[in-house]
Amino acid sequence: MALMPARVKYRKMQRGSRTGIASRGETVAFGEYGLQSTERCWLDTKQIEAARVAVTRFMKRRGKVWLRVFPDKSITKKPLETRMGKGKAPVVSWIAVIRPANVLIEVDGVTEAVAREAMRLAANKLPMRTKFISRHRLARS
């Protein structure tokens with residue numbers, strides 16, 4: 001099942017702004033290690049789920065995983081070969097707006113080597129550059 005809000009006030013949203021750097025959600029808050037974005041992008045539900053699956057499969061049943069992003073913005077798309085006009089298209093997907101410095105995933109209860117490898121596997125599933133960060137040490141790539 002794809003991640004999406006249970007309900008929203010307005011189904012179809014405007015594209016909005018992706019500029020700026022994350023002012024919230026930029027530090028490791030729950031776990032010991034995290035995966036932090038260094039670029040801006042729109043993260044799709046399928047990409048978030050693929051990263052989560054990669055982390056949990058590698059860690060097996062050890063440790064705990066937190067997803068720090070949630071897709072709460074709707075994306076609409078017109079069918080191919082459709083003329084302009086006739087209103088806004090139906091919702092096809094949900095995305096999370098990611099800015100530089102957003103922490104995407106956090107893990108705890110595993111060694112740094114395991115966490116680093118799990119985050120590397122997750123980063124391969126994501127469409128932007130990321131870096132591995134730790135709660136107690138300065139950010140390292």
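- Ile48 and Phe58 fall within a single hydrophobic cluster, where Ile, Leu, Val, Met, Phe, Trp and Tyr are joined by side-chain heavy atoms under 4.5 Å apart, directly or via other members.
- No more than 12 heavy atoms of other residues, nucleotides or ligands sit less than 6.0 Å from atom NZ of Lys125.
- Counting side-chain heavy-atom gaps under 4.5 Å among Ile, Leu, Val, Met, Phe, Trp and Tyr, the cluster of Trp66 also holds Phe30.
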Quick one: side chains of residues 82-101, donor-acceptor pairs under 3.5 Å with protein atoms, not counting sequence neighbours, listed by atom name and distance.
residue: Thr82; atom: OG1; partner: Pro79; partner atom: O; Å: 2.8
residue: Lys88; atom: NZ; partner: Met13; partner atom: O; Å: 3.4
residue: Ser93; atom: OG; partner: Asp44; partner atom: OD1; Å: 2.6
residue: Arg99; atom: NE; partner: Thr19; partner atom: O; Å: 2.9
residue: Arg99; atom: NH2; partner: Ser17; partner atom: O; Å: 2.8

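- The neighbour count for Arg62 CZ, taken as heavy atoms of other residues, nucleotides or ligands under 6.0 Å away, is above 12.
- Shown here is Lys77, whose NZ atom has no more than 12 heavy atoms of other residues, nucleotides or ligands within 6.0 Å.
- Pairing each heavy atom of Ser37 with each of Thr130, the nearest pair is CA-CG2, 4.1 Å.
- Remark: side-chain polar atoms of Arg135 are paired, donor with acceptor, to backbone N or O of Ala29 under 3.5 angstrom.
- Cluster membership check: Met119 shares its hydrophobic cluster with Val114, using side-chain heavy-atom separations under 4.5 Å among Ile, Leu, Val, Met, Phe, Trp and Tyr.
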- Decide yes or no on side chain to side chain contact (heavy atoms under 4.5 Å, CB included) for Val107 and Glu32, but give the supporting numbers first. CA-CA 6 Å; Val107 296; Glu32 186 67 31; over 6 Å; no

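- Residues Thr27 and Val103 fail the side-chain proximity criterion, which asks for heavy atoms closer than 4.5 Å.
- We find the OG1-CZ distance between Thr76 and Arg11 to be 10.0 Å, quoted to the nearest 0.5 Å.
- Applying the side chain to side chain contact (heavy atoms under 4.5 Å, CB included) test between Val65 and each of Val55, Asp108, Val110 identifies Val55 as the sole match.
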- List the steps, then state whether side chain to side chain contact (heavy atoms under 4.5 Å, CB included) holds for Met128 with Thr38. CA-CA 8 Å; Met128 75 254 184; Thr38 57; over 6 Å; no

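- Residues Lys46 and Glu49 are not paired through a salt bridge, judged by the lack of any N-O separation under 4.0 Å between the basic side chain and the carboxylate.
- Between Ser74 and Val8, the closest side-chain pair of non-hydrogen atoms is not below 4.5 Å.
- A continuous path of ILVMFWY side-chain contacts below 4.5 Å connects Ile105 to Leu3, so both sit in one hydrophobic cluster.
- There is a path of hydrophobic side-chain contacts, each under 4.5 Å, that joins Leu121 to Leu126.
- Taking each heavy atom of Ala122 and Ala51 in turn, the nearest pair found is CB-O, 3.8 Å.
- Linking Ile, Leu, Val, Met, Phe, Trp and Tyr whenever their side-chain heavy atoms come within less than 4.5 Å leaves Phe70 and Met4 in two separate clusters.
- Between atom CZ of residue Arg52 and atom OG1 of residue Thr56 there is a gap of 5.0 Å, rounded to the nearest 0.5 Å.
- Gln36 places none of its side-chain heavy atoms less than 4.5 Å from the side chain of Leu104.
- Of all heavy-atom pairs spanning Lys73 and Trp42, the tightest one is CE-CZ2, 4.3 Å.
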- Task: Please assess Glu112 against Phe132 for the test side chain to side chain contact (heavy atoms under 4.5 Å, CB included), listing each intermediate value before the final yes or no.
- Result: CA-CA 10 Å; Glu112 183 175 346; Phe132 179 84; 4.0 Å; yes

